[in-house]
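Shown next, in structure tokens, is the structure this report addresses.
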Amino acid sequence: MSRLRLPWHRNIGPIGLDLGSPDPLAMQVRLGSDTPVRAKVFPTFPDATLVDRAAAAASGLRRAGFVGREVVVGLPSSCTKMSVVRLPVIAGRDGRESIAWEAAERSGQPRESLVADAIPTGAPSTSHEGKEEHLLVSTPVTELTQALDHLIDAGFEPVAVEPRFASVSRALSRRNRRDADVVDVRAVLHVEHASSLVMVLRGDRIAFCREVPTGGHVLDRAVAARLSVPIESASQLRAQRIAAARGHGEPVDPVPEEAALAATRAPLDALAGEVALCLRYFGVTSRGGQPGRVVLSGPHGAEPRLAGIIEETCRS
């Protein structure tokens, strides 16, 4: 079981549990320095659901030696629905209910079937209606409850739940937390294994977010088909290419390198096209400045030629 939060453990934060990874990842850091204290991956099976991942994590957390029982849960972006809306400024319980009813109406789901919240985007208001722009986020309550029940039954206490893109934006906004930083508008392409996230950040606020189904698995399949090799070998080749691009490994042999470049060109073009469409949509529908740059992040964000293709596509 996890160790109790004794006085000498009070500078250690709650357990962060990422259920958006193919295999759930738990990490705990020392507050102030953000130094990792412990990290653990809990293997699951392919296509595991949110509830399956939570069950695997709950079982593994009991034996992993983390401090305390408080858990902050990160949800897969695919589990959430997002839309940018203008909402009246209402505080307290009435405000939370208006957010939930707005989400239910937009998703076509009963109010009691989902849980919702709204994140201020920081866009300036040009009307006198008393409304502010928010990113409306909702998720099915039944699946979320079943996932959290596994953690509670294992003796842990979920203290917060957030979509995975919120933690990504927080990590990329460590130096943009002042009110004056809202003028720093930048786009983010976060490339993961199963999908990618396109976000626009104003300072540390999320002004736009959309999930794109193209991720590292699509590139793996393209390379495997081109070279007629198993998907595992294609994934390993791509990992070597990314390491070399980051300066952490030897260059890949020219023959497979050229084949991988040719195989990944089409999906990278498609991904760059999605980024350009998102930025065009944001430019038409949003106020408060346009992104001055695109930041690449994520485990597949250093894919060779991706930065150049993004630059070419977004300039045209």
**Study point:** Pairs touching residues 145-158 that satisfy side-chain hydrogen bond (donor to acceptor under 3.5 Å, both in side chains), sequence neighbours left out
**Key:** none

Revision key, fill the gap. Using a 4.5 Å side-chain heavy-atom cut-off and chaining through intermediate ILVMFWY residues, the residues clustered with Val159 come out as Val72

Practice item. State which residues pass salt bridge (Lys or Arg N to Asp or Glu O under 4.0 Å) with Glu303; sequence neighbours excluded, sorted by chain then number. Key: Arg238, Arg241

Check your understanding: Can you list every pair that meets ring-ring contact (aromatic ring centres under 6.0 Å, His included) and has a residue in residues 32-59, with sequence neighbours left out?
Key -> none

May I have the list of side-chain donor-acceptor pairs in residues 113-122 shorter than 3.5 Å, sequence neighbours left out?
unit_1: Ser113; atom_1: OG; unit_2: Pro110; atom_2: O; d: 2.7
unit_1: Thr121; atom_1: OG1; unit_2: Ala123; atom_2: N; d: 3.3
unit_1: Thr121; atom_1: OG1; unit_2: Glu133; atom_2: O; d: 3.4
unit_1: Thr121; atom_1: OG1; unit_2: Glu133; atom_2: OE2; d: 2.8

Check your understanding: Arg164 and Ser21: side-chain donor and acceptor closer than 3.5 Å?
Key -> yes

Check your understanding: Who else is in Val252's hydrophobic cluster (ILVMFWY, side-chain heavy atoms under 4.5 Å, direct or via others)?
Key -> Val223, Leu227, Val229, Leu237

Check your understanding: In chain order, what residues pass the salt bridge (Lys or Arg N to Asp or Glu O under 4.0 Å) check against Asp204, with sequence neighbours excluded?
Key -> none

Exercise for review: With sequence neighbours excluded, give me every ring-ring contact (aromatic ring centres under 6.0 Å, His included) pair touching residues 210-229.
Suggested key: His193-His217

**Study point:** Partners passing salt bridge (Lys or Arg N to Asp or Glu O under 4.0 Å) against Asp269 (at least two apart in sequence or in another chain)
**Key:** Arg265

Point to revise | Partner residues of Arg175 under the salt bridge (Lys or Arg N to Asp or Glu O under 4.0 Å) criterion, sequence neighbours left out | key: none

Check your understanding: What residues join Leu25 in its hydrophobic cluster, counting side-chain heavy atom gaps under 4.5 Å, either direct or through other members?
Key -> Val41

Review point. Got a sec, which hydrophobics cluster with Met27, joining ILVMFWY side chains under 4.5 Å apart, including via others?
Key: Val29

